[in-house]
Amino acid sequence: MYCPRSDTPLEPLLVGGITVYTSAQGGVFFDNSQLFKFSSPELKHGQVLLKHLSNYIEGEGDVSSRVNCPQCKSIVMMRRYFSPVKAVEIDECPGCAGIWLDSGELAKIHENHLTPRERKLLAHEMATNHGFISIRSPKSKYYPKAPTNVQGTTVERLVQLALLNFE
């Protein structure tokens, strides 16, 4: 396999029985789902890999450009945020689900890691500020087991009105 940024060979690195592939520029390729074994700063795997990657100088190349997967050479990797915090954008292969982290991105993932309590607070905050709506089907002859909530949300009333046109 070759580095998607520099086209130099990736070196296999065994960390706690898991093989990852590193580049001379400090990037790292994870096979499907392996990243989650390294993403928490409390996990020994993550600490060891981060220490190894700290020996490399952080690259100054353009990391915003799309790259091909080191494993599936003809597939362009998707760019997405690693977590709801949106602090780290990673590259993920839609073919093999492998993940490429550029130099310094694992350290950013560790810096922005959320505890379970922080995740709950963030979920609550997102639900409160973005107004998640739960839609229950209105009671009608087409939905006999629907709740009998007469004072529903605006969306529920709109659904009821729409269904009245079909009766």
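This is a predicted model, so every value here is computed, not measured.
Counting only heavy atoms from C-beta outward, the side chains of Q71 and D31 approach each other to under 4.5 Å. With a 4.5 Å cut-off on side-chain heavy atoms, S23 and W100 count as touching. You'll find the side chain of R5 reaches within 4.5 Å of the side chain of S65, heavy atoms only. Between P4 and D91 there is no side-chain heavy-atom pair separated by less than 4.5 Å. Side-chain contact check for P94 versus M78: some heavy-atom pair is nearer than 4.5 Å. Put simply, the side chain of R80 reaches to within 4.5 Å of the side chain of I99, judged on heavy atoms. For the pair L35/F82, a side-chain contact is recorded, criterion being any heavy-atom separation below 4.5 Å from C-beta on. Residues N68 and K73 are not in side-chain contact: their nearest non-hydrogen atoms beyond the backbone lie 4.5 Å or more apart.
A pairwise comparison of heavy atoms in R66 and R79 identifies CD-CG, 3.8 Å as the closest pair. Considering all non-hydrogen atoms of both residues, P70 and M77 come closest at CD-SD, 4.1 Å.
Two different hydrophobic clusters hold I75 and F29 under the rule that ILVMFWY side chains link at heavy-atom gaps under 4.5 Å. F36 and L43 fall into different hydrophobic clusters, where Ile, Leu, Val, Met, Phe, Trp and Tyr side chains are chained together by heavy-atom contacts under 4.5 Å.
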Inset, instruction - Under the side chain to side chain contact (heavy atoms under 4.5 Å, CB included) rule, what do K37 and V15 come out as? Steps first, then yes or no, please. - result: CA-CA 10 Å; K37 297 175 182 164; V15 180; over 6 Å; no

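Of the options H110, E105, E111, a side chain to side chain contact (heavy atoms under 4.5 Å, CB included) to V88 is made by E105 and by none of the others. Results of the side chain to side chain contact (heavy atoms under 4.5 Å, CB included) test with L13 over T19, V28, L49, L53 single out L49 as the only residue that passes.
Within the 3.5 Å criterion, the main-chain N or O of Y21 finds no donor-acceptor partner in the side chain of E11.
Classified by interplanar angle (parallel below 30°, tilted 30° to 60°, perpendicular above 60°), the ring pair F30/F38 is tilted.
In this structure, L101 CG and E92 CD are separated by 11.0 Å, a value rounded to the nearest 0.5 Å.
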